Amino acid sequence: MRDRITAFLVLLPSLVAVGIFVYGFIGQNLWVSFSDWGKNPTQALALRPELQFVGLENYRELFSGFVDVRFRQSVVNLIFFTLFFMAGTLGLGLLLAIALDRGPKGEGFFRTVFLFPMALSFVVTGTIWRWLLQPQGGVNVLPTLFGFPPFNFPWLTTRQQVLVFDWNQLPFYTALAVGLTLLYLAWQAHRGGERKRLFWSLLSSGLLLLWALTLGRNIRLLPYAEPHGFSLALVGVILAAVWQMSGYTMALYLAGLRGIPVEILEAAKVDGASEWQTYRYVIFPLLAPITLSALIVLGHIALKIFDLIFAMAGLDYAPTDVPAIYMYLLAFRGNQFAKGAAIGILLLLLVAMVVIPYLASQLRKEVRR
Amino acid sequence: MTPPKTWADFLATCQTLKRKGLEAPLALGENWTQQHLWESVALATLGADGWANLWNGKLKFTDPKAVAVWDTFGKVLDCANKDAAGLSWQQAVDRVVQGKAAFNIMGDWAAGYMSTTLKLKPGTDFAWAPSPGTSGVFMMLSDSFGLPKGAKNRQNAINWLKLVGSKEGQDTFNPLKGSIAARLDSDPAKYNAYGQSAMKDWQSNRIVGSLVHGAVAPESFMSQFGTVMEIFLQSKNPQAAANAAQAIANQVGLGR
């Protein structure tokens with residue numbers, strides 16, 4: 001009993017602090033996002049602003065108000081950035097780890113070299129890469145060293161977009177993506193022989209796809225077509241981010257590779273597995289938990305990215321905009337606190353979507369143990 | 001080459017230069033320098049009165065006259081370098097200095113950069129003229145120090161303000177930065193040829209405020225004007241930009 005009281009007393013300060021400074025402020029932020037703080041310029045910077053409750057108005061404006069076209073592009077940018085950044089970092093990190101695991105000469109040296117970019121802050125990385133990616137210099141003149149003509153890609157300065165779609169089609173595409181994911185889950189359940197799960201995922205996926213293909217196509221968020229797509233200016237940003245973080249995934253994978261018991265590999269060899277088969281059926285499955293942890297860490301870095309883009313392209317450049325940048329812009333330069341808070345909540349939800357399933361699965365595992 | 005007097009002149013000159021092989025006659029930098037260019041086009045297109053009316057709410061951004069500003073601005077952009085977004089204002093000035101461009105629309109500080117940092121001689125190494133169509137109008141901004149309420153060292157703060165505001169203080173700082181004093185009694189001998197010419201204009205011209213440098217509109221409008229600029233640069237649609245500008249103006253209560 002006394003132990004319990006001591007434990008409670010020791011935990012109390014941090015409970016209170018986390019309660020106020022994390023959950024309290026999340027709550028306050030949520031309230032601000034439902035208010036009109038910033039709509040009335042005389043109230044915006046008042047010491048005790050009088051706030052009106054406006055419900056989801058701020059969210060509606062972000063997704064379908066015509067001034068906030070930049071927010072919508074920033075969401076599209078964020079999705080593409082996150083996808084390519086995670087794929088690039090995981091892929092490059094895995095390749096580097098496999099290369100180093102084979103014990104080349106100077107392994108320790110290369111390991112340090114590859115890991116070193118992670119020691120830099122994103123601001124340093126961003127500034128260096130901004131210089132490297134100047135259209136007239138840096139990376140573009142690299143081929144001339146070997147007698148080739150220089151590259152002509154304008155990197156960060158391009159406004160070109162590919163994979164362009166109309167924002168009005170967003171509900172359709174979202175429903176399509178979620179529906180297909182559910183369909184995949186249903187297939188998994190079918191293979192695992194879980195009938196209840198199969199039924200529910202099949203039902204919800206079917207309903208969603210049906211809705212997407214019939215009513216979903218006709219929903220219009222905006223009275224006009226608004227094209228958004230993957231802006232090519234992001235390629236440079238992704239390059240810099242992958243350069244910085246792939247050393248980190250390399251370190252994770254290297255630790256994972258070193259942790260695989262030699263017996264297993266030898267058993268595979270005895271069974272006559274080729275090199276590729278060893279990787280495909282023995283090593284990669286054993287690395288899966290590491291991939292998951294790396295995905296979580298990289299995912300939340302990508303979703304909250306701010307400093308790298310700030311340093312590379314500045315605040316006022318829509319082609320590389322992400323919600324965090326636009327949030328800062330709205331709240332702290334435009335005094336649109338309510339709208340800024342709404343973006344903050346949306347970002348929180350996005351990160352929660354990545355982190356909570358992971359935490360839940362970890363917890364379940366611990367209980368099972 | 002004579003500096004163009006109007007934007008129509010400018011566009012004609014630009015075509016000539018392009019034909020002679022100069023790819024981008026106008027040097028331009030990141031977003032705010034584009035806004036700086038926009039306000040120079042707007043001042044020329046709307047005139048000093050129209051410009052003032054934009055800020056007191058009498059002229060709407062969606063007025064055909066104001067939409068026309070974006071039209072001209074778009075044409076002017078065609079004369080500028082395509083990698084503008086990646087350049088700072090200094091790098092844009094550098095393009096002119098290196099002969100890769102003929103013009104750059106910038107404030108006094110560009111003259112300071114060229115004479116103090118690059119050691120060029122005003123009048124011989126570089127020349128200047130009012131932005132097309134704004135002859136006789138001086139677009140102004142000022143950097144200022146404030147005295148906060150309840151300042152801890154009030155007396156020292158006041159002493160500092162007195163020093164920087166004095167003729168001596170102003171005449172020490174401004175020639176280096178390339179700016180001029182708001183005072184009318186500064187000593188022209190301390191300034192270079194550009195500074196002297198700017199001082200003459202300051203006394204004789206009509207004075208209007210700058211948008212991008214925060215002299216005509218509240219911060220809440222100004223900071224979102226960057227977004228309007230991005231909307232235009234992305235869509236190249238004058239009406240879309242004008243609508244967005246007006247929506248923000250309504251929201252922040254411009255002119256009320």
Side-chain angles (χ1 to χ4, degrees), chain A residues 36 38-45 61 65-71 73-74 130-131 133-138 140 152-161 224-229 231 233 236 312-321 325-326 328-337 339, chain B residues 23-24 28-36 61 77 80-89 91 94-95 98 100 149 212 214 217-237 239-256:
Chain A
D36 67 342
K39 281 275 146 52
N40 181 349
T42 55
Q43 287 288 323
L45 291 178
E61 271 180 28
F66 78 109
V67 180
D68 289 306
V69 43
R70 247 184 101 167
F71 171 75
Q73 180 58 43
S74 76
R130 177 184 193 154
W131 293 338
L133 297 179
Q134 287 295 325
Q136 292 97 1
N140 273 0
N152 232 343
F153 190 61
W155 295 109
L156 297 172
T157 60
T158 180
R159 281 183 180 273
Q160 205 189 328
Q161 295 190 338
Y224 44 88
E226 189 182 275
H228 288 289
S231 62
M312 285 188 86
L315 289 174
D316 277 315
Y317 190 50
T320 56
D321 220 353
I325 296 250
Y326 193 57
Y328 175 82
L329 211 67
L330 274 181
F332 300 111
R333 262 176 39 186
N335 299 337
Q336 302 285 315
F337 298 109
K339 236 188 233 176
Chain B
E23 207 181 303
L28 196 61
E30 58 194 315
N31 189 300
W32 73 261
T33 68
Q34 296 162 14
Q35 294 178 46
H36 188 111
F61 284 89
L77 275 188
N81 43 311
K82 298 286 169 260
D83 59 349
L87 302 184
S88 64
W89 66 267
Q91 288 170 312
D94 287 344
R95 284 183 66 95
Q98 293 158 0
K100 284 186 200 156
K149 240 191 232 171
V212 57
E219 171 82 16
S220 50
F221 180 85
M222 192 185 112
S223 62
Q224 295 190 70
F225 195 74
T227 298
V228 176
M229 183 55 73
E230 285 299 324
I231 290 176
F232 180 75
L233 293 173
Q234 197 64 52
S235 67
K236 291 279 151 79
N237 180 345
Q239 194 63 48
N243 289 347
Q246 189 57 43
I248 293 171
N250 292 343
Q251 180 193 45
V252 305
L254 198 69
R256 258 187 279 143

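Here the structure is a predicted model, which is why all the values come from computation and not from measurement. The sequence lines fix the lettering, A, B, ..., with proteins before strands; numbering per chain opens at 1.
Within the model, atoms CD of Q234(B) and CD of Q161(A) stand 5.0 Å from one another, a figure rounded to the nearest 0.5 Å. Atom CD of Q136(A) and atom CD of Q91(B) lie 9.0 Å apart (nearest 0.5 Å). The distance from atom CG of N31(B) to atom CG of L315(A), rounded to the nearest 0.5 Å, is 10.0 Å. How far OG of S88(B) is from CZ of R130(A): 7.5 Å, rounded to the nearest 0.5 Å. Between atom CG of residue L329(A) and atom OG1 of residue T227(B) there is a gap of 5.5 Å, rounded to the nearest 0.5 Å.
Shown here for S223(B) and G334(A), the closest heavy-atom pair between the two residues is OG-CA, 3.2 Å. Between P135(A) and D83(B), the closest heavy-atom pair is CG-CB, 3.6 Å. The shortest heavy-atom contact between V67(A) and A244(B) is CG2-O, 4.3 Å.
For a residue to count as touching a neighbouring chain, one of its non-hydrogen atoms must lie under 4.5 Å from one of that chain's; by this rule Q224(B) touches chain A with the side chain only. For R70(A), the part lying near chain B is the side chain, with the backbone staying farther off; criterion is any non-hydrogen pair under 4.5 Å.
With no hydrogens or angles considered, no side-chain donor-acceptor pair links Q35(B) and D316(A) at under 3.5 Å. For the residue pair E230(B)/Q73(A), the side-chain donor-acceptor check at 3.5 Å is not satisfied.
Atom CZ of F153(A) has more than 12 heavy atoms from other residues, nucleotides or ligands within 6.0 Å.
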